[in-house]
Amino acid sequence: MTESRDRWPSKTIFIFAAIGSAVGLGNIWRFPYLVGKYGGGAFLFPYLLLLFLFGIPLLILEFSLGQKMQQGAVGAMKRIRKSFSGIGLGAICCSFFVACYYAVVMAWCLLYCFYSVNIAWGDDPSTFFFENVLQSSSSPNEMWMIPTHVLAALVFVWVCVYFCIWKGVRSVSAVVTITMPLPVILLIILLIRGVTLPGAMDGLIYYVKPDFQALLNTEVWMAALTQIFFSLSVGFGVMIAYGSYEKKTSDIVKSAYIIAVSDAAIAILSGLVVFSTLGHMALQSGESLAKLAASGPSLAFIVFPKALSLIPGAAFFSVFFFLTLLLLGIDSLFSLVEAISTTLHDQWSFIRKEDLTLYVCTFSFIGGLIFTTTAGIYFLDISDHFITIYGIVTVSLLQSFVIGWGYPAGKLCEWINQVSVWKLSKWWSFAIRYFVPICLIVLLFTALYRDVTVPYGGYPKWAIIMMGWSTISLMIFLGLVYSFITTRKKSTNPFHVDDKSYD
Ligand code: PHE
């Protein structure tokens with residue numbers, strides 16, 4: 001099977017695809033909103049520091065796992081030890097849950113591409129977003145309905161995603177050649193537009209001016225860390241799957257640095273776009289910049305449409321903006337699907353990859369229906385919170401722990417250095433063995449304590465249990481059962497090293 005495995009046509013395409021996965025909605029609205037919420041420039045410092053301390057080491061770990069084992073998340077873990085396969089399944093579950101809601105946000109972007117043509121939100125984008133687009137209920141307790149336009153947009157998004165990836169690496173390669181560079185060009189155009197607006201300077205100063213007081217807040221550090229994981233697509237099995245389509249002798253370290261730095265650069269660039277436009281909006285509307293910047297998940301769909309409608313050539317730039325979001329999101333979404341279908345195909349190679357992709361798209365579409373209901377935005381918020389904190393962080397913690405101690409890290413580090421142009425220092429093994437697991441355990445328990453004592457976002461208990469705790473419990477349960485079944489299958493020894501040929 002290793003011989004017939006699909007391959008990226010070139011290193012550039014691999015890097016494009018990985019950047020395409022990393023750069024998405026997370027860069028355009030999540031990053032700037034966190035910057036606004038956590039004190040402007042103060043967020044940038046932990047973000048950049050943690051990128052180098054956690055993000056890049058874990059990205060290298062995922063690429064090397066995929067490349068060395070030539071398998072997706074589950075298969076790669078299984079090749080180290082059968083009992084670890086559940087961790088891979090956990091990563092795949094994270095991909096599935098995120099794909100379900102990510103596609104819904106993409107469906108909103110698609111609708112906004114059309115609404116932009118005549119600036120349909122008028123003077124009140126907030127009412128437009130909640131009442132006309134989402135037809136949102138005032139709480140999750142109210143009856144749920146699915147607005148047909150959101151449903152239709154969701155169907156369209158999934159059809160596009162399916163056709164982007166149905167031929168696996170080949171079609172992904174063709175698509176990312178367009179969907180990766182084009183949004184960057186669009187962002188640069190928006191930036192030029194943004195910085196030439198009156199008031200833009202105030203927004204930019206707010207963006208880069210540090211507020212050192214905020215650094216004492218542990219929440220800032222947690223937010224920075226989860227943003228890095230989400231943005232680098234680490235902990236989802238995506239980068240393992242992408243690495244598995246590389247030749248075993250391909251360079252790893254330099255590619256990982258290029259991908260991580262590009263991702264951060266695009267996040268910083270979109271911050272410049274957002275804050276220059278917000279500066280202009282604050283000037284026009286008389287509202288405070290801090291308040292506008294911290295408007296949260298609504299930033300892209302409320303503050304932005306409003307800001308865009310204030311600038312000359314509003315319709316044109318609005319279509320541009322939502323098209324950028326759509327293009328940035330699409331390669332992130334299909335990387336999530338690829339992570340799942342690669343793993344399924346590794347396990348059941350007798351089923352055609354196209355068919356597996358179709359099943360994954362169909363199930364993710366069905367799973368996402370709950371987020372299209374009139375209470376969908378509340379469920380989306382809860383799911384995002386629980387999956388980014390407990391799902392991704394737990395998977396990353398277990399991954400670094402088992403590679404650090406089970407493989408062990410020093411051996412993998414030697415192998416990485418054999419194939420890579422840039423060499424890893426001893427720090428990498430130390431980070432994977434001690435630093436990353438210890439810090440992540442502290443992070444997890446702090447978050448757990450907070451969530452157990454104060455219900456997240458003030459939502460009703462049943463909604464938090466249904467969308468948060470039960471999703472996470474299901475993930476843990478499936479991981480454990482799968483590990484147990486795989487361990488029992490051929491060997492009764494749980495510490496049996498499965499495939500020596502990969503040593
Ligand atoms: N990294 C993407 C973003 O920033 C989201 C994503 C997460 C994509 C996980 C793939 C896997 O929007």
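Indexing begins at 1, ligand by ligand and atom by atom, following the structure's order. Only heavy atoms go into these numbers, but all of them, side chains included; no hydrogens, no water, no symmetry mates.
Y115 and F128 have perpendicular rings, their planes meeting at more than 60° on a 0 to 90° scale where under 30° would count as parallel. Classified by interplanar angle (parallel below 30°, tilted 30° to 60°, perpendicular above 60°), the ring pair F129/Y112 is tilted. Taking the six-membered ring for Trp and thresholds of 30 and 60 degrees, Y456 and H385 have nearly parallel ring planes, at less than 30 degrees apart.
When ring centroids are compared, F236 and F97 stay outside the 6.0 Å threshold.
If you number the atoms of ligand 1 from 1 as listed, the ones under 4.0 Å from a heavy atom of G26 come out as 3 (C), 4 (O), 12 (O). Close contacts of ligand 1 with S332, meaning ligand atoms under 4.0 Å from a residue heavy atom, involve 2 (C), 8 (C), 10 (C). For ligand 1, the atoms closer than 4.0 angstrom to any heavy atom of S21 are 1 (N), 2 (C), 8 (C), 10 (C). Within ligand 1, the atoms closer than 4.0 Å to a non-hydrogen atom of N27 are 4 (O), numbered from 1 in the order shown. Close approach to S335 involves these atoms of ligand 1, each under 4.0 Å from a residue heavy atom: 10 (C). Those atoms of ligand 1 that come under 4.0 Å of a heavy atom in V238, given as number and element, are 11 (C). Of all atoms in ligand 1, numbered sequentially from 1 with element shown, those under 4.0 Å from a heavy atom of L336 are 9 (C), 10 (C), 11 (C).
When the heavy atoms of F31, Y102, F236 are ranked by distance to atom 12 (O) of ligand 1, first place goes to Y102.
S116 and S318 are not linked by any side-chain donor-acceptor pair at a separation below 3.5 angstrom, with hydrogens and angles left out of the test.
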**OP:** Show your working on side-chain hydrogen bond (donor to acceptor under 3.5 Å, both in side chains) between T486 and S85 and close with a plain yes or no.
**Re:** CA-CA 7 Å; T486 340; S85 54; 3.1 Å; yes
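Open room surrounds CZ on F401; 12 or fewer heavy atoms of other groups in view lie less than 6.0 Å from it.
Applying the side-chain contact (heavy atoms from CB on, under 4.5 Å) test between P32 and each of F43, F275, Y207 identifies F275 as the sole match.
Among the atoms of L25, some N or O lies under 3.5 angstrom from an N or O of ligand 1.
For atom 7 (C) of ligand 1, the nearest protein heavy atom (residue, atom name, distance) is F230 O, 3.4 Å. Among protein heavy atoms, atom 4 (O) of ligand 1 sits closest to A22 O, 3.1 Å.
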